[in-house]
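Notes follow once the structure below has been shown.
The structure displayed is predicted, hence computed values, not measured ones.
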Amino acid sequence: MNYLLPFVLLLSLFSSNAQHQDKVDFIRADISIELITQEKKIDGSVKYEFEVLKDVDSLFLDAKNMKFSSVRLNGKNLSYSNDGKRIIFHKKIKKGKNYELNLSFTCKPRQTVYFLESEVTYPLSGILPDSSGPEQKGEKSVENSVSQIWTQGQGKYTSHWLPSFDNMEEKIEFDLAITVDVRFQVITNGNLISTSKKEDHLKKWSYDMQKPMSSYLLAFAIGDYDKQELTSRSGIPIENYYYPRDSQKVEPTYRYTKRIFDFMEKEIGFPYPWQNYKQIPVRDFLYAGMENTSATIFSDAYVIDSTAFIDKNYVNVNAHELAHQWFGNLVTEKDGNHHWLHEGFATYYALLVEKEIFGDDHFYWKLYESLLELQGLADRGEGQSLLDPKASSLVFYQKGAWALHMLKERIGEIAFKKGIVSYLKKYEFKNVTVSNFLNEMEIASNTDLSEFKKNWLENTEIPFHIAKKS
């Protein structure tokens, strides 16, 4: 997630309240939902496939304010309790077996799914264009009609529209089918495998994911879109979406996208881990951008023309959210104590992209600017450790990026890149801690990094003079 909008970091997103069910391994989910736009309501069903690692007498899914019409385990009705936050299943389930859990549900999400309205006009019912009378002729009425729908599940909020898992440690291969009014286009995680008409006014869009991810990275955007199609040097399809009226803004908005993608794969040294990559602008977004797996959603305030590109462009956000596809999506923090492994890394690689595109002077000025901000924070007595789950966005993003710049300087670029690749290979599709990362870097560099950890991760101050000399 990018911090560039002022209200972006809600610390409650990283609450440790979410519980991990370590005796049960959920593997796949087939989801089908229909959005009833007039009521801002979702009707849905989901089939989970899971394996039991140890005997259990209950299991649960996080489910906020949902009603369930059917709950079945391996085809049989299953008793459950529903407290408005979770649905809990009370049944002894044996180790070593595979199970199917099927649920049918309905909900009106209070958050996470946002139905955006626009005013539309239409002729008054029953009045012909040539009707007589001053009050009737040419008269219009206005109604609120949903024109765009998008989700923001960062942290633990997908459970407001899908019975799922607030804990980031449960990684699942999600396949999602969405039915909505035929006038809309649907974009979500993975590959679009089919579309089909259900009724005269409804269309079903079916998407397939091939690798597991945390629930908070499941997302969709629905609206009126066209798209620009690119292909990375490595053959990954890239789809850049835009509103039809913004066709002249496509080039400046998505300028350098292929170059960013190709640079990121080369610099990280590890192939892009998902089937494709999509970027979708939406109205009134809560953040600058959000790195949903294979489908970044971002604020349409970044949809700009060539003149505006000089003052405000999408390059940094573009690179930041792409970097998260590795750091956050492929390897995911165990909990908020390790949030640096997401935001510090995305900020670090985004700045390297800017160096590649805009040059060394730009790069070093941005580094120095962030150093002054961090020193100002320390001077006010507000400095924080990178291991503090309640640290500010400035600390997680900018101090986190500085820590990586200094780590590379400490162990050398060759060892640094070797350690990054080893870290990604070892923990792909898994959850990680800061210690996991540091251990891989120590092995790659044959260096004791305890002093680095003390100075840059545990320290609430910023080692200003050391950084300034680098």
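- Counting all heavy atoms, side chain and backbone alike, Pro273 lies closest to Phe429 at O-CZ, 4.4 Å.
- In this structure, a donor-acceptor pair under 3.5 Å is absent between the side chains of Asn189 and Asn292.
- Tyr254 places a side-chain N or O within 3.5 Å of a backbone atom of Tyr241 that can act as its donor or acceptor partner.
- Listed for the Asp262 side chain is no donor-acceptor partner under 3.5 Å among the backbone atoms of Ser232.
- Ion pairing between a basic and an acidic side chain is recognised when a charged N comes within 4.0 Å of a carboxylate O; Lys40 and Glu117 show such pairing.
- Electrostatic pairing of Asp166 and Lys64 counts as a salt bridge here, judged by a charged N lying under 4.0 Å from a carboxylate O.
- A ring-ring contact (aromatic ring centres under 6.0 Å, His included) with Phe220 is found for one member of Tyr207, Phe184, Trp161 and no other, namely Trp161.
- Checking Thr257 against Asn318 by side-chain atom types alone, a donor-acceptor pair falls below 3.5 Å.
- For Arg86 and Phe60, the positive end sits near the middle of the six-membered ring, less than 6.0 Å away and at most 45° from its axis.
- Side chains of Val180 and Ile36 form no contact here, defined as non-hydrogen atoms less than 4.5 Å apart.
- Side chains of Glu354 and Asn316: a donor-acceptor N/O pair is present below 3.5 angstrom, by distance only.
- Ion pairing between a basic and an acidic side chain is recognised when a charged N comes within 4.0 Å of a carboxylate O; Asp175 and Arg28 show such pairing.
- Contact detail for Ser215 and Ser164: the closest heavy-atom pair is OG-CB, 3.7 Å.
- A distance of 5.5 Å separates CD1 of Ile87 from CG of Leu103, quoted to the nearest 0.5 Å.
- Under 3.5 Å, the side chains of Thr447 and Glu442 contain no donor-acceptor pair of N or O atoms.
- Under the 3.5 Å distance criterion, the side-chain polar atoms of Glu170 are matched with a main-chain donor or acceptor of Phe26.
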Worked verdict on Arg410 versus Glu451 for salt bridge (Lys or Arg N to Asp or Glu O under 4.0 Å): CA-CA 11 Å; Arg410 171 75 178 83; Glu451 191 69 17; over 6 Å; no

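- Using a 4.0 Å cut-off between a side-chain N of Lys or Arg and a carboxylate O of Asp or Glu, Lys334 and Glu169 qualify as a salt bridge.
- In this structure, the side chain of Lys355 does not engage the main chain of Ala350 through any donor-acceptor pair within 3.5 Å.
- Taking OG1 of Thr188 as the reference point, atom CD1 of Ile280 lies at 8.5 Å (rounded to 0.5 Å).
- Judged by distance alone, the side chain of Asn240 and the main-chain N or O of Gln279 form no donor-acceptor pair under 3.5 Å.
- Inspection of the Ser118 and Arg283 side chains reveals no N or O donor paired with an N or O acceptor under 3.5 Å.
- Residue Arg380 places its CZ atom among more than 12 non-hydrogen atoms of other residues, nucleotides or ligands, all under 6.0 Å distant.
- Considering only heavy atoms from C-beta on, Tyr243 comes within 4.5 Å of Gln148 through its side chain.
- Other residues, nucleotides and ligands place no more than 12 heavy atoms under 6.0 Å from the CD1 atom of Ile414.
- Defined by atom type and a distance below 3.5 Å, a donor-acceptor pair is present between the side-chain atoms of Gln375 and Asp379.
- Checking Thr151 against Tyr157 by side-chain atom types alone, no donor-acceptor pair falls below 3.5 Å.
- A donor-acceptor contact shorter than 3.5 Å links the side chain of Tyr225 to the backbone of Pro281.
- Phe416 places a side-chain heavy atom less than 4.5 Å from the side chain of Leu407.
- For the atom pair OG (Ser147) and CZ (Phe115), the distance works out to 12.0 Å, reported to the nearest 0.5 Å.
- At least one donor-acceptor pair closer than 3.5 Å links the side chain of Gln384 to the backbone N or O of Ser392.
- For the 3.5 Å distance criterion, the side chains of Ser422 and Glu440 qualify, holding a donor opposite an acceptor.
- Under a 4.0 Å N-O distance rule, the pair Lys92/Asp57 does not qualify as a salt bridge.
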Kindly determine whether Phe396 and Trp340 satisfy ring-ring contact (aromatic ring centres under 6.0 Å, His included), including the steps that lead there. CA-CA 5 Å; Phe396 277 133; Trp340 168 60; 9.7 Å; no

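- Inspection of the Glu343 and His320 side chains reveals an N or O donor paired with an N or O acceptor under 3.5 Å.
- For the pair Arg255 and Phe309, the cation sits on the ring face: its NZ or CZ lies under 6.0 Å from the ring centre, inside 45° of the axis.
- Panel note: side chain Tyr349, backbone His324; no donor-acceptor pair is recorded below 3.5 Å.
- At distances below 3.5 Å, at least one donor-acceptor pair connects side-chain atoms of His338 with backbone N or O atoms of Val434.
- In terms of heavy atoms, Ser214 sits closest to Thr332 at OG-CG2, 3.8 Å.
- Counting only N and O atoms by type, the side chains of Trp402 and Ser370 include a donor and acceptor under 3.5 Å apart.
- More than 12 heavy atoms of other residues, nucleotides or ligands sit less than 6.0 Å from atom CG of Asp83.
- Heavy atoms of other residues, nucleotides or ligands lying less than 6.0 angstrom from CG of Asn446 number 12 at most.
- A donor-acceptor pair under 3.5 Å links the side-chain atoms of Trp326 to the main chain of Phe270, judged by distance alone.
- Glu356 has a carboxylate O that lies under 4.0 Å from a charged side-chain N of Arg259, or vice versa, which qualifies the two as a salt bridge.
- If you take NZ on Lys278 and CG on Asn191, they are separated by 6.5 Å, rounding to the nearest 0.5 Å.
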